[in-house]
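Counting starts at 1 for both ligands and their atoms, following the listed order. If you read the sequence from its start, that first residue is 1, and numbering goes on from there.
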Amino acid sequence: MTIFRKDFLWGGATAANQCEGAWDEDGKGVSVSDICTGGKYGQSKMITPVLDEGNFYPSREAIRHYRYFKEDIRLFAEMGFKVYRFSIAWTRIFPNGDEKEPNEAGLRHYEEVIDECLKYKIEPLITISHYEVPFGLTKKCNSWVSREMIGYYMNYCRTLFERYKGKVKYWLTFNEINSSVVPTGALLNQGILNELEKPTVFLDQPDIPQQRFQGLHHMFVASAMAVKLAHEIDPAYRVGNMIIYASSYPLTPKPEDVLKCQSYNQIFNYFCNDVQCKGRYPFYADAYFAEKGISIVKQQGDDEIIREGTVDFVTFSYYMSSCQSADTEEEQGDGNLTGGVPNPYLKASEWGWQIDPKGLRYALIELYDRYHLPLMVVENGLGAKDELEEDGSIHDSYRIKYLREHIMEMKEAVKAGVDLMGYTPWGCIDLVSASTGEYAKRYGMIYVRRYDDGTGDFARLKKDSFYWYRDVIASNGELLP
Ligand code: BGP
(Lines give C-alpha, C1' and ligand atoms only; values in the text may rest on other atoms or scores of the structure.)
Protein backbone atom coordinates (compact mmCIF):
# COMPACT_ATOMS: atom_id res chain seq x y z
CA MET A 1 0.00 0.00 0.00
CA THR A 2 1.37 3.40 -0.92
CA ILE A 3 0.01 6.76 0.14
CA PHE A 4 -0.58 7.90 -3.40
CA ARG A 5 -3.22 5.90 -5.23
CA LYS A 6 -2.11 2.97 -7.34
CA ASP A 7 -2.95 4.70 -10.61
CA PHE A 8 -1.39 8.02 -9.55
CA LEU A 9 -0.47 10.02 -12.64
CA TRP A 10 3.20 10.93 -12.32
CA GLY A 11 4.58 12.95 -15.17
CA GLY A 12 5.63 16.36 -16.36
CA ALA A 13 4.24 19.41 -18.14
CA THR A 14 5.17 21.65 -21.07
CA ALA A 15 3.43 24.13 -23.35
CA ALA A 16 3.76 24.30 -27.13
CA ASN A 17 4.80 27.95 -27.32
CA GLN A 18 7.60 27.40 -24.83
CA CYS A 19 9.09 24.21 -26.24
CA GLU A 20 8.08 23.44 -29.83
CA GLY A 21 9.77 26.10 -31.93
CA ALA A 22 9.05 25.60 -35.67
CA TRP A 23 6.91 28.72 -35.29
CA ASP A 24 6.21 29.02 -39.00
CA GLU A 25 6.52 25.43 -40.21
CA ASP A 26 3.89 23.16 -41.76
CA GLY A 27 1.29 25.88 -42.07
CA LYS A 28 1.45 27.19 -38.49
CA GLY A 29 0.17 30.74 -38.00
CA VAL A 30 1.54 33.42 -35.67
CA SER A 31 0.41 33.30 -32.04
CA VAL A 32 0.64 36.03 -29.43
CA SER A 33 3.67 34.33 -27.92
CA ASP A 34 5.48 34.52 -31.27
CA ILE A 35 5.44 38.31 -31.16
CA CYS A 36 7.14 38.47 -27.74
CA THR A 37 10.88 39.06 -27.62
CA GLY A 38 13.25 37.57 -25.08
CA GLY A 39 13.70 39.39 -21.77
CA LYS A 40 15.21 38.62 -18.42
CA TYR A 41 14.64 39.06 -14.70
CA GLY A 42 14.24 42.79 -14.15
CA GLN A 43 13.99 43.55 -17.86
CA SER A 44 10.58 42.93 -19.38
CA LYS A 45 10.17 41.31 -22.76
CA MET A 46 8.67 43.42 -25.54
CA ILE A 47 5.54 42.87 -27.57
CA THR A 48 6.22 43.63 -31.21
CA PRO A 49 3.00 43.41 -33.23
CA VAL A 50 5.09 43.92 -36.34
CA LEU A 51 7.82 41.26 -36.27
CA ASP A 52 11.24 42.83 -36.15
CA GLU A 53 13.95 40.66 -37.71
CA GLY A 54 16.61 42.30 -35.55
CA ASN A 55 15.02 41.01 -32.34
CA PHE A 56 15.39 37.69 -30.56
CA TYR A 57 12.16 35.70 -30.32
CA PRO A 58 12.82 32.67 -28.11
CA SER A 59 9.60 30.83 -28.92
CA ARG A 60 10.48 30.74 -32.64
CA GLU A 61 12.91 27.91 -31.93
CA ALA A 62 12.34 27.26 -28.23
CA ILE A 63 13.90 23.81 -27.64
CA ARG A 64 12.77 22.36 -30.99
CA HIS A 65 10.42 19.89 -29.33
CA TYR A 66 8.42 19.93 -32.58
CA ARG A 67 11.33 18.10 -34.15
CA TYR A 68 12.67 16.20 -31.13
CA PHE A 69 9.40 15.09 -29.54
CA LYS A 70 10.13 11.38 -30.03
CA GLU A 71 13.46 11.65 -28.30
CA ASP A 72 11.92 13.76 -25.51
CA ILE A 73 9.03 11.39 -24.91
CA ARG A 74 11.46 8.48 -24.85
CA LEU A 75 13.31 10.26 -22.04
CA PHE A 76 10.02 10.90 -20.23
CA ALA A 77 9.25 7.20 -20.54
CA GLU A 78 12.66 6.40 -19.13
CA MET A 79 11.73 8.43 -16.04
CA GLY A 80 8.59 6.33 -15.83
CA PHE A 81 6.04 9.01 -16.74
CA LYS A 82 2.42 7.86 -16.61
CA VAL A 83 1.15 11.14 -18.03
CA TYR A 84 2.50 13.92 -20.23
CA ARG A 85 0.79 17.28 -20.03
CA PHE A 86 1.36 19.27 -23.21
CA SER A 87 -0.57 21.87 -25.10
CA ILE A 88 -1.71 22.05 -28.67
CA ALA A 89 -0.72 25.20 -30.51
CA TRP A 90 -4.06 26.58 -31.71
CA THR A 91 -2.22 28.18 -34.66
CA ARG A 92 -1.03 24.80 -35.94
CA ILE A 93 -4.66 23.72 -36.29
CA PHE A 94 -6.24 27.06 -37.26
CA PRO A 95 -3.38 29.34 -38.34
CA ASN A 96 -5.36 32.57 -38.24
CA GLY A 97 -7.95 31.23 -35.80
CA ASP A 98 -11.04 31.90 -37.92
CA GLU A 99 -10.66 29.32 -40.71
CA LYS A 100 -13.50 26.89 -41.21
CA GLU A 101 -11.26 23.94 -42.06
CA PRO A 102 -8.31 22.81 -39.93
CA ASN A 103 -4.71 22.46 -41.08
CA GLU A 104 -4.17 18.73 -41.58
CA ALA A 105 -0.41 18.93 -41.01
CA GLY A 106 -0.98 20.32 -37.53
CA LEU A 107 -3.54 17.66 -36.64
CA ARG A 108 -1.21 14.96 -37.90
CA HIS A 109 1.66 16.27 -35.81
CA TYR A 110 -0.29 15.99 -32.55
CA GLU A 111 -1.58 12.60 -33.59
CA GLU A 112 2.04 11.51 -33.76
CA VAL A 113 2.77 13.07 -30.37
CA ILE A 114 -0.22 11.29 -28.85
CA ASP A 115 0.72 7.96 -30.48
CA GLU A 116 4.25 8.32 -29.21
CA CYS A 117 2.92 8.78 -25.68
CA LEU A 118 0.58 5.80 -26.00
CA LYS A 119 3.45 3.66 -27.26
CA TYR A 120 4.98 4.02 -23.77
CA LYS A 121 1.60 3.85 -22.01
CA ILE A 122 1.86 7.54 -21.16
CA GLU A 123 -1.55 9.18 -20.83
CA PRO A 124 -1.76 12.45 -22.79
CA LEU A 125 -3.19 15.37 -20.78
CA ILE A 126 -3.87 18.13 -23.26
CA THR A 127 -4.18 21.84 -22.56
CA ILE A 128 -6.32 23.23 -25.36
CA SER A 129 -5.17 26.84 -24.98
CA HIS A 130 -1.93 27.64 -23.20
CA TYR A 131 -0.77 31.24 -23.66
CA GLU A 132 -0.89 31.23 -27.45
CA VAL A 133 -4.06 32.68 -28.89
CA PRO A 134 -3.77 33.11 -32.68
CA PHE A 135 -2.50 36.64 -33.29
CA GLY A 136 -4.86 36.75 -36.27
CA LEU A 137 -7.74 36.81 -33.79
CA THR A 138 -6.12 39.58 -31.76
CA LYS A 139 -5.96 41.65 -34.93
CA LYS A 140 -9.43 40.67 -36.04
CA CYS A 141 -11.46 41.26 -32.88
CA ASN A 142 -9.06 41.87 -29.96
CA SER A 143 -9.42 38.22 -29.11
CA TRP A 144 -11.45 37.28 -26.02
CA VAL A 145 -12.78 40.82 -25.59
CA SER A 146 -15.09 39.79 -28.39
CA ARG A 147 -17.86 37.24 -28.16
CA GLU A 148 -16.98 35.94 -31.63
CA MET A 149 -14.14 34.07 -29.95
CA ILE A 150 -16.52 31.50 -28.51
CA GLY A 151 -17.32 30.28 -32.00
CA TYR A 152 -13.66 30.05 -33.06
CA TYR A 153 -12.70 28.26 -29.88
CA MET A 154 -15.57 25.80 -30.19
CA ASN A 155 -14.64 25.00 -33.78
CA TYR A 156 -11.10 24.31 -32.55
CA CYS A 157 -12.33 22.15 -29.65
CA ARG A 158 -14.72 20.15 -31.81
CA THR A 159 -11.89 19.45 -34.25
CA LEU A 160 -9.65 18.14 -31.46
CA PHE A 161 -12.34 16.17 -29.63
CA GLU A 162 -13.42 14.41 -32.83
CA ARG A 163 -9.95 13.76 -34.15
CA TYR A 164 -8.39 12.35 -31.00
CA LYS A 165 -11.39 10.42 -29.73
CA GLY A 166 -10.40 7.06 -28.30
CA LYS A 167 -6.79 8.11 -27.79
CA VAL A 168 -7.03 10.90 -25.26
CA LYS A 169 -8.95 10.98 -22.00
CA TYR A 170 -7.93 14.19 -20.20
CA TRP A 171 -8.37 17.75 -21.46
CA LEU A 172 -7.87 21.17 -19.85
CA THR A 173 -9.81 24.05 -21.39
CA PHE A 174 -7.50 27.00 -20.59
CA ASN A 175 -4.15 27.25 -18.88
CA GLU A 176 -4.15 29.40 -15.72
CA ILE A 177 -7.44 31.04 -16.62
CA ASN A 178 -7.29 33.22 -13.48
CA SER A 179 -4.12 34.92 -14.74
CA SER A 180 -6.63 37.31 -16.31
CA VAL A 181 -7.83 38.65 -13.00
CA VAL A 182 -4.49 40.51 -12.98
CA PRO A 183 -3.21 42.73 -15.81
CA THR A 184 -0.39 40.40 -16.93
CA GLY A 185 -2.92 37.81 -18.11
CA ALA A 186 -4.50 40.10 -20.70
CA LEU A 187 -2.11 39.33 -23.56
CA LEU A 188 -0.64 36.07 -22.34
CA ASN A 189 -3.87 34.30 -21.53
CA GLN A 190 -6.47 36.23 -23.48
CA GLY A 191 -4.64 37.62 -26.51
CA ILE A 192 -5.81 41.15 -25.72
CA LEU A 193 -3.57 43.86 -27.18
CA ASN A 194 -4.65 47.45 -27.62
CA GLU A 195 -1.55 48.74 -29.42
CA LEU A 196 -1.13 47.07 -32.80
CA GLU A 197 1.12 49.60 -34.50
CA LYS A 198 4.26 49.82 -32.40
CA PRO A 199 6.26 47.75 -29.88
CA THR A 200 5.23 48.01 -26.24
CA VAL A 201 6.66 46.76 -22.97
CA PHE A 202 5.07 43.44 -21.95
CA LEU A 203 4.81 44.36 -18.28
CA ASP A 204 3.61 47.90 -18.92
CA GLN A 205 0.37 47.55 -20.86
CA PRO A 206 -2.48 49.97 -20.21
CA ASP A 207 -4.84 47.93 -18.07
CA ILE A 208 -8.54 47.83 -18.86
CA PRO A 209 -10.23 45.56 -16.28
CA GLN A 210 -13.51 45.74 -18.20
CA GLN A 211 -11.82 43.98 -21.13
CA ARG A 212 -10.21 41.30 -18.98
CA PHE A 213 -13.38 40.39 -17.11
CA GLN A 214 -15.62 40.57 -20.17
CA GLY A 215 -13.04 38.33 -21.84
CA LEU A 216 -13.19 35.98 -18.88
CA HIS A 217 -16.95 35.77 -19.19
CA HIS A 218 -16.57 34.68 -22.80
CA MET A 219 -13.96 32.13 -21.72
CA PHE A 220 -16.24 30.77 -18.99
CA VAL A 221 -19.02 30.29 -21.52
CA ALA A 222 -16.59 28.71 -24.00
CA SER A 223 -15.09 26.42 -21.36
CA ALA A 224 -18.52 25.27 -20.23
CA MET A 225 -19.60 24.63 -23.82
CA ALA A 226 -16.38 22.68 -24.38
CA VAL A 227 -17.02 20.47 -21.34
CA LYS A 228 -20.49 19.68 -22.61
CA LEU A 229 -19.35 19.06 -26.16
CA ALA A 230 -16.52 16.79 -25.02
CA HIS A 231 -18.95 14.65 -23.04
CA GLU A 232 -21.30 14.45 -26.03
CA ILE A 233 -18.52 13.41 -28.39
CA ASP A 234 -17.02 10.88 -25.99
CA PRO A 235 -18.57 10.15 -22.60
CA ALA A 236 -15.16 8.87 -21.49
CA TYR A 237 -13.60 12.33 -21.85
CA ARG A 238 -12.68 14.08 -18.60
CA VAL A 239 -12.35 17.82 -18.82
CA GLY A 240 -10.69 19.96 -16.19
CA ASN A 241 -10.03 23.63 -15.59
CA MET A 242 -6.62 25.03 -14.66
CA ILE A 243 -5.75 27.94 -12.41
CA ILE A 244 -2.71 29.45 -10.74
CA TYR A 245 -3.09 28.85 -7.03
CA ALA A 246 -0.94 31.19 -4.98
CA SER A 247 -1.46 30.41 -1.32
CA SER A 248 -1.88 33.65 0.50
CA TYR A 249 -1.52 34.54 4.16
CA PRO A 250 -2.27 37.70 6.10
CA LEU A 251 1.06 39.45 6.75
CA THR A 252 0.04 39.97 10.40
CA PRO A 253 -2.95 38.90 12.54
CA LYS A 254 -4.30 42.44 12.23
CA PRO A 255 -7.96 42.04 11.27
CA GLU A 256 -7.37 44.49 8.40
CA ASP A 257 -4.71 42.19 6.95
CA VAL A 258 -6.93 39.14 7.39
CA LEU A 259 -9.76 40.83 5.53
CA LYS A 260 -7.41 41.98 2.78
CA CYS A 261 -6.18 38.42 2.42
CA GLN A 262 -9.72 37.08 2.30
CA SER A 263 -10.72 39.36 -0.55
CA TYR A 264 -7.48 38.64 -2.41
CA ASN A 265 -8.16 34.94 -2.13
CA GLN A 266 -11.71 35.34 -3.38
CA ILE A 267 -10.71 37.10 -6.56
CA PHE A 268 -7.35 35.57 -7.33
CA ASN A 269 -7.61 31.99 -6.11
CA TYR A 270 -11.33 31.25 -6.20
CA PHE A 271 -13.28 33.45 -8.60
CA CYS A 272 -12.59 31.40 -11.76
CA ASN A 273 -12.75 28.11 -9.91
CA ASP A 274 -16.07 29.04 -8.34
CA VAL A 275 -17.56 29.75 -11.75
CA GLN A 276 -16.10 26.67 -13.42
CA CYS A 277 -16.76 24.21 -10.58
CA LYS A 278 -19.95 25.52 -9.02
CA GLY A 279 -21.48 26.70 -12.28
CA ARG A 280 -22.31 30.25 -11.25
CA TYR A 281 -20.70 33.58 -10.49
CA PRO A 282 -19.90 33.81 -6.77
CA PHE A 283 -21.74 36.32 -4.59
CA TYR A 284 -18.62 38.47 -4.00
CA ALA A 285 -18.14 39.13 -7.72
CA ASP A 286 -20.86 41.82 -7.85
CA ALA A 287 -19.22 43.96 -5.19
CA TYR A 288 -15.83 43.57 -6.86
CA PHE A 289 -17.22 44.52 -10.27
CA ALA A 290 -18.99 47.55 -8.79
CA GLU A 291 -15.78 48.71 -7.10
CA LYS A 292 -13.79 48.38 -10.34
CA GLY A 293 -16.47 49.80 -12.62
CA ILE A 294 -16.83 46.51 -14.47
CA SER A 295 -20.10 45.61 -16.12
CA ILE A 296 -20.37 42.18 -17.69
CA VAL A 297 -22.48 41.87 -20.81
CA LYS A 298 -24.16 38.48 -20.77
CA GLN A 299 -26.43 36.94 -23.35
CA GLN A 300 -29.57 35.09 -22.52
CA GLY A 301 -28.68 31.49 -21.84
CA ASP A 302 -25.12 32.16 -20.63
CA ASP A 303 -25.97 31.39 -17.00
CA GLU A 304 -27.49 28.09 -18.02
CA ILE A 305 -24.47 27.15 -20.15
CA ILE A 306 -22.14 27.90 -17.26
CA ARG A 307 -24.35 25.89 -14.90
CA GLU A 308 -24.40 22.88 -17.20
CA GLY A 309 -20.72 22.89 -18.12
CA THR A 310 -18.95 22.46 -14.81
CA VAL A 311 -15.61 20.68 -14.92
CA ASP A 312 -14.89 17.06 -14.02
CA PHE A 313 -11.70 17.80 -12.11
CA VAL A 314 -9.65 20.74 -10.93
CA THR A 315 -6.03 21.34 -11.82
CA PHE A 316 -3.67 24.07 -10.80
CA SER A 317 -0.13 25.34 -10.91
CA TYR A 318 1.61 25.92 -7.62
CA TYR A 319 4.99 27.58 -7.33
CA MET A 320 4.91 29.96 -4.42
CA SER A 321 2.93 31.79 -1.77
CA SER A 322 2.88 35.36 -0.51
CA CYS A 323 1.32 37.59 2.11
CA GLN A 324 -1.32 40.27 1.93
CA SER A 325 -1.25 43.48 3.89
CA ALA A 326 -3.78 46.27 4.22
CA ASP A 327 -0.84 48.67 4.48
CA THR A 328 -0.32 49.96 0.95
CA GLU A 329 3.21 51.05 1.85
CA GLU A 330 4.39 47.44 2.23
CA GLU A 331 6.85 46.53 -0.48
CA GLN A 332 5.55 44.08 -3.11
CA GLY A 333 7.60 41.03 -4.06
CA ASP A 334 7.97 39.13 -7.33
CA GLY A 335 6.02 36.09 -8.31
CA ASN A 336 4.08 34.06 -10.79
CA LEU A 337 2.10 36.89 -12.41
CA THR A 338 1.11 38.17 -9.00
CA GLY A 339 3.37 39.52 -6.29
CA GLY A 340 2.07 40.06 -2.79
CA VAL A 341 4.19 41.01 0.19
CA PRO A 342 7.17 38.70 0.86
CA ASN A 343 6.73 36.32 3.78
CA PRO A 344 9.47 36.94 6.36
CA TYR A 345 9.58 33.21 7.17
CA LEU A 346 10.30 32.02 3.64
CA LYS A 347 13.18 32.13 1.19
CA ALA A 348 12.80 33.04 -2.44
CA SER A 349 14.16 31.55 -5.68
CA GLU A 350 16.70 33.44 -7.77
CA TRP A 351 13.70 35.00 -9.55
CA GLY A 352 12.13 36.16 -6.30
CA TRP A 353 9.38 33.52 -6.08
CA GLN A 354 8.89 32.53 -2.44
CA ILE A 355 9.35 28.83 -1.86
CA ASP A 356 6.66 27.33 0.36
CA PRO A 357 6.05 23.55 0.22
CA LYS A 358 3.53 23.68 3.07
CA GLY A 359 1.56 26.17 1.02
CA LEU A 360 0.92 23.34 -1.43
CA ARG A 361 -0.66 21.21 1.28
CA TYR A 362 -2.74 24.23 2.24
CA ALA A 363 -3.80 24.74 -1.39
CA LEU A 364 -4.82 21.11 -1.85
CA ILE A 365 -6.88 21.01 1.33
CA GLU A 366 -8.55 24.36 0.61
CA LEU A 367 -9.43 23.41 -2.95
CA TYR A 368 -10.73 19.99 -2.02
CA ASP A 369 -12.75 21.39 0.83
CA ARG A 370 -14.34 23.96 -1.44
CA TYR A 371 -15.10 21.84 -4.51
CA HIS A 372 -14.93 18.15 -3.58
CA LEU A 373 -13.59 17.34 -7.02
CA PRO A 374 -10.49 15.28 -7.86
CA LEU A 375 -7.42 17.49 -7.97
CA MET A 376 -4.23 17.42 -9.96
CA VAL A 377 -1.10 19.53 -9.52
CA VAL A 378 -0.25 20.18 -13.15
CA GLU A 379 2.63 22.60 -12.63
CA ASN A 380 5.17 22.96 -9.85
CA GLY A 381 8.91 23.39 -9.89
CA LEU A 382 11.93 25.54 -9.31
CA GLY A 383 13.17 27.91 -11.98
CA ALA A 384 16.92 28.06 -11.40
CA LYS A 385 20.24 28.56 -13.13
CA ASP A 386 21.99 25.24 -13.72
CA GLU A 387 25.70 24.59 -14.04
CA LEU A 388 26.67 22.23 -16.84
CA GLU A 389 29.82 20.34 -15.80
CA GLU A 390 32.49 19.42 -18.30
CA ASP A 391 31.51 15.77 -18.18
CA GLY A 392 27.94 16.66 -19.11
CA SER A 393 26.46 16.19 -15.64
CA ILE A 394 24.20 18.72 -13.92
CA HIS A 395 24.03 18.53 -10.13
CA ASP A 396 20.71 20.19 -9.35
CA SER A 397 20.34 19.25 -5.70
CA TYR A 398 18.34 22.49 -5.08
CA ARG A 399 15.68 21.30 -7.56
CA ILE A 400 15.54 17.85 -5.96
CA LYS A 401 15.07 19.50 -2.57
CA TYR A 402 12.27 21.69 -3.91
CA LEU A 403 10.45 18.78 -5.55
CA ARG A 404 10.97 16.42 -2.61
CA GLU A 405 9.52 18.90 -0.12
CA HIS A 406 6.50 19.60 -2.29
CA ILE A 407 5.80 15.90 -2.86
CA MET A 408 6.03 15.33 0.90
CA GLU A 409 3.34 17.95 1.42
CA MET A 410 1.17 16.37 -1.29
CA LYS A 411 1.41 13.19 0.75
CA GLU A 412 0.24 15.01 3.85
CA ALA A 413 -2.74 16.34 1.90
CA VAL A 414 -3.61 12.84 0.71
CA LYS A 415 -3.36 11.57 4.27
CA ALA A 416 -5.74 14.35 5.24
CA GLY A 417 -8.25 12.93 2.74
CA VAL A 418 -7.68 14.91 -0.46
CA ASP A 419 -8.42 13.06 -3.71
CA LEU A 420 -5.22 13.74 -5.67
CA MET A 421 -5.03 12.27 -9.18
CA GLY A 422 -1.54 13.17 -10.24
CA TYR A 423 1.45 15.44 -10.41
CA THR A 424 3.11 16.94 -13.48
CA PRO A 425 6.01 19.21 -12.51
CA TRP A 426 6.53 22.13 -14.85
CA GLY A 427 9.10 22.11 -17.60
CA CYS A 428 10.18 18.52 -17.07
CA ILE A 429 12.53 19.43 -19.88
CA ASP A 430 14.15 22.90 -19.92
CA LEU A 431 12.17 25.37 -21.99
CA VAL A 432 11.55 29.10 -22.44
CA SER A 433 10.18 31.00 -19.46
CA ALA A 434 6.68 32.39 -19.93
CA SER A 435 7.15 35.48 -17.79
CA THR A 436 10.64 36.58 -18.77
CA GLY A 437 11.16 34.86 -22.12
CA GLU A 438 14.56 33.48 -21.16
CA TYR A 439 16.24 30.09 -21.31
CA ALA A 440 18.39 30.69 -18.24
CA LYS A 441 15.43 30.04 -15.93
CA ARG A 442 15.50 26.26 -16.08
CA TYR A 443 12.94 23.91 -14.57
CA GLY A 444 13.78 20.63 -16.26
CA MET A 445 15.01 17.26 -15.18
CA ILE A 446 16.43 17.23 -18.68
CA TYR A 447 18.91 19.95 -19.58
CA VAL A 448 18.76 21.47 -23.03
CA ARG A 449 21.93 23.01 -24.45
CA ARG A 450 20.40 26.22 -25.69
CA TYR A 451 21.18 29.70 -24.41
CA ASP A 452 19.81 33.24 -24.35
CA ASP A 453 22.38 34.54 -26.80
CA GLY A 454 20.89 32.20 -29.42
CA THR A 455 23.74 29.67 -29.25
CA GLY A 456 23.58 26.00 -28.33
CA ASP A 457 23.05 22.72 -30.14
CA PHE A 458 19.77 21.68 -28.46
CA ALA A 459 21.36 18.49 -27.06
CA ARG A 460 19.43 16.84 -24.21
CA LEU A 461 21.32 15.87 -21.02
CA LYS A 462 20.05 14.17 -17.90
CA LYS A 463 20.32 16.16 -14.68
CA ASP A 464 20.65 14.53 -11.25
CA SER A 465 16.93 15.23 -10.78
CA PHE A 466 16.21 12.96 -13.77
CA TYR A 467 17.46 9.88 -11.92
CA TRP A 468 15.95 11.05 -8.66
CA TYR A 469 12.48 11.55 -10.15
CA ARG A 470 12.69 8.18 -11.92
CA ASP A 471 13.20 6.51 -8.51
CA VAL A 472 10.41 8.51 -6.91
CA ILE A 473 7.98 7.42 -9.62
CA ALA A 474 9.13 3.79 -9.41
CA SER A 475 8.26 3.77 -5.70
CA ASN A 476 4.96 5.63 -6.28
CA GLY A 477 6.30 8.44 -4.13
CA GLU A 478 7.24 6.27 -1.17
CA LEU A 479 10.97 6.77 -1.63
CA LEU A 480 11.92 10.42 -1.40
CA PRO A 481 15.68 10.37 -0.87
C1 BGP B 1 3.00 29.24 -15.40
C2 BGP B 1 2.72 28.95 -16.84
C3 BGP B 1 3.78 28.24 -17.57
C4 BGP B 1 5.16 28.39 -17.03
C5 BGP B 1 5.28 28.53 -15.54
C6 BGP B 1 6.61 29.01 -15.03
O7 BGP B 1 2.48 30.48 -15.07
O8 BGP B 1 1.54 28.20 -17.00
O9 BGP B 1 3.60 28.46 -18.92
O10 BGP B 1 6.00 29.11 -17.79
O11 BGP B 1 4.30 29.36 -15.00
O12 BGP B 1 6.70 30.37 -15.18
P13 BGP B 1 7.95 31.08 -15.80
O14 BGP B 1 8.17 30.43 -17.10
O15 BGP B 1 7.55 32.49 -15.92
O16 BGP B 1 9.04 30.87 -14.84
Side-chain angles (χ1 to χ4, degrees), residues 12-20 31-34 36-45 58-59 62-63 65 85-90 125-133 172-191 202-203 240-246 268-269 272 315-322 333-339 348-355 360 363 376-386 399 402-403 406 424-445 448 450 452:
T14 65
N17 77 90
Q18 290 164 261
C19 70
E20 284 184 355
S31 81
V32 291
S33 62
D34 295 324
C36 291
T37 69
K40 60 181 180 203
Y41 189 30
Q43 183 194 314
S44 174
K45 50 190 194 177
S59 65
I63 58 154
H65 185 60
R85 174 182 175 230
F86 60 93
S87 73
I88 289 182
W90 189 339
L125 165 61
I126 300 182
T127 317
I128 297 169
S129 178
H130 189 138
Y131 291 170
E132 51 195 326
V133 170
L172 304 178
T173 52
F174 293 102
N175 180 62
E176 295 190 338
I177 187 167
N178 62 327
S179 59
S180 291
V181 306
V182 293
T184 347
L187 177 82
L188 214 58
N189 178 39
Q190 297 181 297
F202 175 72
L203 287 177
N241 68 337
M242 197 293 196
I243 61 144
I244 310 178
Y245 194 96
F268 191 79
N269 285 320
C272 294
T315 79
F316 63 103
S317 66
Y318 178 83
Y319 292 91
M320 52 162 290
S321 68
S322 64
D334 292 309
N336 189 12
L337 305 186
T338 163
S349 76
E350 290 168 275
W351 272 261
W353 296 19
Q354 289 217 297
I355 301 170
L360 176 56
M376 188 155 169
V377 181
V378 294
E379 284 186 31
N380 172 240
L382 180 69
K385 287 186 184 134
D386 287 332
R399 184 168 295 107
Y402 180 101
L403 296 171
H406 283 78
T424 57
W426 175 248
C428 43
I429 180 164
D430 290 347
L431 34 65
V432 178
S433 156
S435 56
T436 63
E438 61 195 324
Y439 286 97
K441 190 180 189 187
R442 296 173 181 273
Y443 285 89
M445 293 126 185
V448 179
R450 170 71 168 169
D452 288 308

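- R442 contributes no side-chain N or O that, together with a main-chain N or O of D386, makes up a donor-acceptor pair within less than 3.5 Å.
- Side chains of S59 and N17: a donor-acceptor N/O pair is absent below 3.5 angstrom, by distance only.
- Taking any N or O of A15, backbone or side chain, none lies under 3.5 Å from an N or O belonging to ligand 1.
- Proximity of Y41 to ligand 1, defined as any heavy-atom pair under 4.0 Å, is not found for any part of the residue.
- Judged purely by distance below 3.5 Å, without hydrogens or angles, the side chains of Y41 and E350 never pair a donor atom with an acceptor atom.
- Between the side chains of S87 and E132, at least one donor-acceptor pair of N or O atoms lies under 3.5 Å.
- Close approach of ligand 1 to S433 (heavy-atom distance below 4.0 Å) involves ligand atoms 13 (P), 14 (O), 15 (O), 16 (O).
- The side chain to side chain donor-acceptor pair (under 3.5 Å) check on W351 picks up E438, with sequence neighbours excluded.
- Side chain of T436 to main chain of S433: no donor-acceptor pair is present (N/O by atom type, distance under 3.5 Å, no hydrogens or angles).
- Residue contacts with ligand 1 for S435 involve both N, CA, C or O and side-chain atoms from C-beta outward (heavy atoms, distance under 4.0 Å).
- Of all the heavy atoms of Y443, the ones lying under 4.0 Å from any atom of ligand 1 belong exclusively to the side chain.
- Note: no N/O pair closer than 3.5 Å links T436 and ligand 1 by distance alone.
- Of all the atoms in ligand 1, the ones that sit under 4.0 Å from a non-hydrogen atom of E176 are 1 (C), 2 (C), 7 (O), 8 (O).
- In terms of polar-atom proximity, W353 is not counted as a contact of ligand 1, lacking any N or O under 3.5 Å from an N or O of the ligand.
- Checking Y245 against N178 by side-chain atom types alone, no donor-acceptor pair falls below 3.5 Å.
- When heavy-atom distances to ligand 1 are checked against a 4.0 Å cut-off, I244 has no atom that comes that close, whether in backbone or side chain.
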